[in-house]
Amino acid sequence: MRIVSIANLGAISCLFVQPAIAFTIKMSASAAKSTLYDMPVSNNGARCRLILYKKQIPQEEVTVASPMDLGGLKSPEYRALNPQGKMPLLSIDGGVSIPESDTICRYLLHTYADSGPDFLPNDPKSNLIARLHDMYITTIQGALYKPAPPFGIYGTRSDALNEMQKQLKIIDDLIDDDVDGNYLCGSEVSLADASLFPTMVFIDDMFPKFGIEDGIPSKLAKWFNGVREKDADFAKVYDEITGGLNSWQKRGRWDTIWMAGLRDEEPPTLFDKLIAGEIPANVVFEDDKVFAFTDINPAAPAHILVIPKDRMGLSGLRKSSPEHIEILGRLLVTAGDLAKNGELGFGDGARIVINDGPDAGQEISHLHVHVLGGRSLSWPPG
C-alpha cells in the first residue's frame, strides 16, 4: 500500500482507499501566494492540478486546500470568495478570487509561463478540444452521477448519455490518425489533455455502470490509456480521482440512480409490440418519445391512449420519480394537443385520465394516459 499526498499542509485529512492504494490528502490554506480550493474527485479542478504538477509549481506559490477549510462550498466564508458556491476556486493573496477551471488554468499558464511546458496556448486544435469539452460534455456530466435530471439542456439521463457519446466521437474525429507523441496534439502536452483527461477518468469508470461498454472511441481510448501509463503526473491525477470515485462506490452512490442501480426489470407488454410495429395500431401521433393511438375498446366517441415509447420503469404512475419529469410533461402536453383536434372527434374539452393500479382499473403495466371526449362526460366517474 502506498500513500500519495498532493499537499503536506494542514489539519484536514480526507482518506480514499482502493485496492493497493491508500490516498491521503491533507489540505489547508497557508501563506502561499495563491490557494486552489479543490477536492481530489473534482474532474474540473483536476485540470488545474495537472498544470501545477506539470509545471512543478511549488506549494509556496500555490497550495491546494479543501473547501472544508472555509466551512464547505455553501458556507458564507466560501461564498464570499465564490458566490456560485462551486469548486475549483483560486484565491490570490491580496487579489481577486478566480472561479471556473478554464479561467484558473489560463491564469496559471500566464503567471508561470517560464515554468515547465506551455500547454500550447495558441494551438487551435488544443483550444477547440478544450472548448468542446467544456461546452458539451461537462455541462451534462451530471448524468453520470447525479440522482436526477436535468442534465444541462437534457431532461432525461439517456438523452444526456447519448449526447456525451456523440461529443466524444466529435473529439475523436479531431485527433490525427498518426499522431506522433503521447498527447492529443502530438509530443507536447496541451490544454486539451489537461481539460479532457480528468473527465475521461469519470467516463471510463462510469459508462459501464450504465451498460455502456464501448462508449469511448478508439483514438481517445488509446490516448487515455497511454498517457496515464507514460506520464507520471497524469497517473497521479488518475489515482486522485479514482480514489474519490471508489469512495462514492462504497457509499452506494449509484444504487438508486436510474439506468445504473435501478433498471426496468418488469416484462414487456402489449404496448411494446405496438410501438415496435409488431401489432397494428391506428397511430394518431408519434415522435421520438411519445406514441399515441386510438383505444380498441373506446369508452367515448373519441378515446386516445398516449404512452411513453421508453417505459423507463413507469409501469404505473406511482413508480414515477424526478427522473420522469420530462416524459410526464410530454405525455400531458401531447394529451392536451390531441384533445384540441376536432378531426379526432373531440369537442369542447376532454377528460384526461391515468389509471394506476388494480383498484383504478389499470390493465397494462405500462403507464398510459387516456384522452376521452366527443360527448358530455359525467362526474364522478364509475
Side-chain angles (χ1 to χ4, degrees), residues 136-137 139-169 203 206-215 254-296 304-339 352-357 360 362-371:
Y136 304 114
I137 295 180
T139 53
I140 59 175
Q141 70 177 36
L144 294 168
Y145 55 84
K146 287 187 176 180
F151 309 114
I153 64 173
Y154 295 99
T156 68
R157 195 178 306 272
S158 59
D159 284 346
L161 293 175
N162 288 337
E163 179 65 18
M164 197 176 298
Q165 293 176 78
K166 171 187 168 183
Q167 294 300 327
L168 291 177
K169 180 63 169 62
I203 290 171
M206 299 180 203
F207 264 12
K209 300 181 191 300
F210 296 92
I212 305 171
E213 298 298 338
D214 299 310
W254 288 274
D255 291 352
T256 57
I257 288 181
W258 177 248
M259 296 177 63
L262 298 177
R263 301 193 181 186
D264 191 343
E265 297 180 345
E266 295 195 39
T269 71
L270 172 69
F271 287 170
D272 295 286
K273 294 182 178 181
L274 290 172
I275 294 168
E278 298 173 7
I279 297 176
N282 181 27
V283 180
V284 298
F285 177 82
E286 180 178 7
D287 63 13
D288 61 324
K289 301 289 186 183
V290 174
F291 190 78
F293 54 97
T294 57
D295 195 309
I296 60 172
I304 307 297
L305 296 181
V306 185
I307 66 174
K309 281 188 168 180
D310 181 353
R311 185 171 58 179
M312 292 177 57
L314 280 174
S315 55
L317 187 60
R318 286 172 295 172
K319 297 291 185 68
S320 63
S321 73
E323 195 81 35
H324 302 107
I325 288 173
E326 179 179 272
I327 188 58
L328 290 173
R330 281 188 178 232
L331 293 173
L332 289 179
V333 168
T334 301
D337 285 342
L338 293 172
I352 314 297
V353 177
I354 298 177
N355 296 324
D356 187 48
Q362 182 182 5
E363 297 177 349
I364 298 178
S365 297
H366 186 137
L367 182 80
H368 47 287
V369 179
H370 295 263
V371 187

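With a 4.5 Å cut-off on side-chain heavy atoms, Leu305 and His370 count as touching. Within the 4.5 Å cutoff, no side-chain heavy atoms of Pro149 are placed close to those of Thr156. Side-chain contact between Thr139 and Ile153 is absent, with no heavy atoms from C-beta onward closer than 4.5 Å. The side-chain heavy atoms of Val333 and Arg330, taken from C-beta on, include no pair separated by under 4.5 Å. In this structure, the side chains of Leu332 and Leu328 stay at 4.5 Å or more apart for every pair of heavy atoms. A heavy-atom distance below 4.5 Å is not found between the side chains of Leu367 and His324. The closest side-chain heavy-atom distance from Leu161 to Leu144 is below 4.5 Å.
Note that CE of Met259 and NZ of Lys209 are 14.0 Å apart. Values are rounded to the nearest 0.5 Å. To the nearest 0.5 Å, atom CE of residue Met206 and atom CH2 of residue Trp254 are 4.5 Å apart. Within the model, atoms CD1 of Ile307 and CD1 of Ile364 stand 8.5 Å from one another, a figure rounded to the nearest 0.5 Å. Between atom CG of residue Leu314 and atom CD1 of residue Ile354 there is a gap of 9.5 Å, rounded to the nearest 0.5 Å. Atom CD of Glu265 and atom OG of Ser315 lie 12.0 Å apart (nearest 0.5 Å).
Scored by the salt bridge (Lys or Arg N to Asp or Glu O under 4.0 Å) test, Asp337 finds Lys340 as partners (sequence neighbours excluded). In this view, Phe271 and Phe293, His366, His368 satisfy the ring pair (Phe, Tyr, Trp, His ring centres under 6.0 Å) rule, not counting sequence neighbours. Listed by chain and number, the residues in a side-chain hydrogen bond (donor to acceptor under 3.5 Å, both in side chains) with Asp264 are Arg311 (sequence neighbours excluded). Tyr136 pairs by the side chain to side chain contact (heavy atoms under 4.5 Å, CB included) definition with Leu132, Gln167, not counting sequence neighbours. With sequence neighbours left out, Lys309 forms a side chain to side chain contact (heavy atoms under 4.5 Å, CB included) with Ile275, Glu286, Phe291. By the ring pair (Phe, Tyr, Trp, His ring centres under 6.0 Å) test, Tyr145 is found to be paired with Phe202, Trp248, residues two or more places apart in sequence or in another chain being considered.
For Asp214, the CG atom is loosely surrounded, since the number of other residues' heavy atoms within 6.0 Å does not exceed 12. Within 6.0 Å of CD on Glu278 lie more than 12 heavy atoms contributed by other residues, nucleotides or ligands.
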Ile137 and Leu168: side chain to side chain contact (heavy atoms under 4.5 Å, CB included), yes or no, with the steps? CA-CA 8 Å; Ile137 295 180; Leu168 291 177; 3.9 Å; yes
Please lay out, stage by stage, how Ile279 and Leu270 fare under the test side chain to side chain contact (heavy atoms under 4.5 Å, CB included). CA-CA 8 Å; Ile279 297 176; Leu270 172 69; 3.2 Å; yes
Please walk me through it: do Ile203 and Ile212 pass side chain to side chain contact (heavy atoms under 4.5 Å, CB included)? CA-CA 10 Å; Ile203 290 171; Ile212 305 171; over 6 Å; no
With side chain to side chain contact (heavy atoms under 4.5 Å, CB included) as the criterion, how do Ile257 and Phe210 come out once you've worked through the C-alpha distance, each side chain's angles and the decisive distance to 0.1 Å? CA-CA 9 Å; Ile257 288 181; Phe210 296 92; 3.9 Å; yes
Ser365 and Glu266: CA distance, side-chain angles, deciding distance, side-chain hydrogen bond (donor to acceptor under 3.5 Å, both in side chains) verdict: CA-CA 8 Å; Ser365 297; Glu266 295 195 39; 4.5 Å; no
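A distance-only check finds no donor-acceptor pair linking the side chain of Glu326 to the backbone of Pro150 [under 3.5 Å]. Panel note: side chain Asn282, backbone Thr294; no donor-acceptor pair is recorded below 3.5 Å. In this structure, the side chain of Arg157 engages the main chain of Pro147 through a donor-acceptor pair within 3.5 Å.
Closest heavy-atom contact between Thr269 and Asp272: N-OD2, 2.8 Å. Heavy atoms only, all atoms of each residue included: Ile140 and Ala160 are closest at CD1-O, 3.4 Å. The two residues Thr256 and Leu262 make their nearest non-hydrogen contact at O-CD1, 3.3 Å. The minimum heavy-atom distance linking Leu317 with Ser320 is given by the pair O-OG, 2.7 Å. The minimum heavy-atom distance linking Pro308 with Leu331 is given by the pair N-CD2, 3.7 Å. The shortest heavy-atom contact between Ala339 and Val371 is CB-CG1, 4.0 Å.
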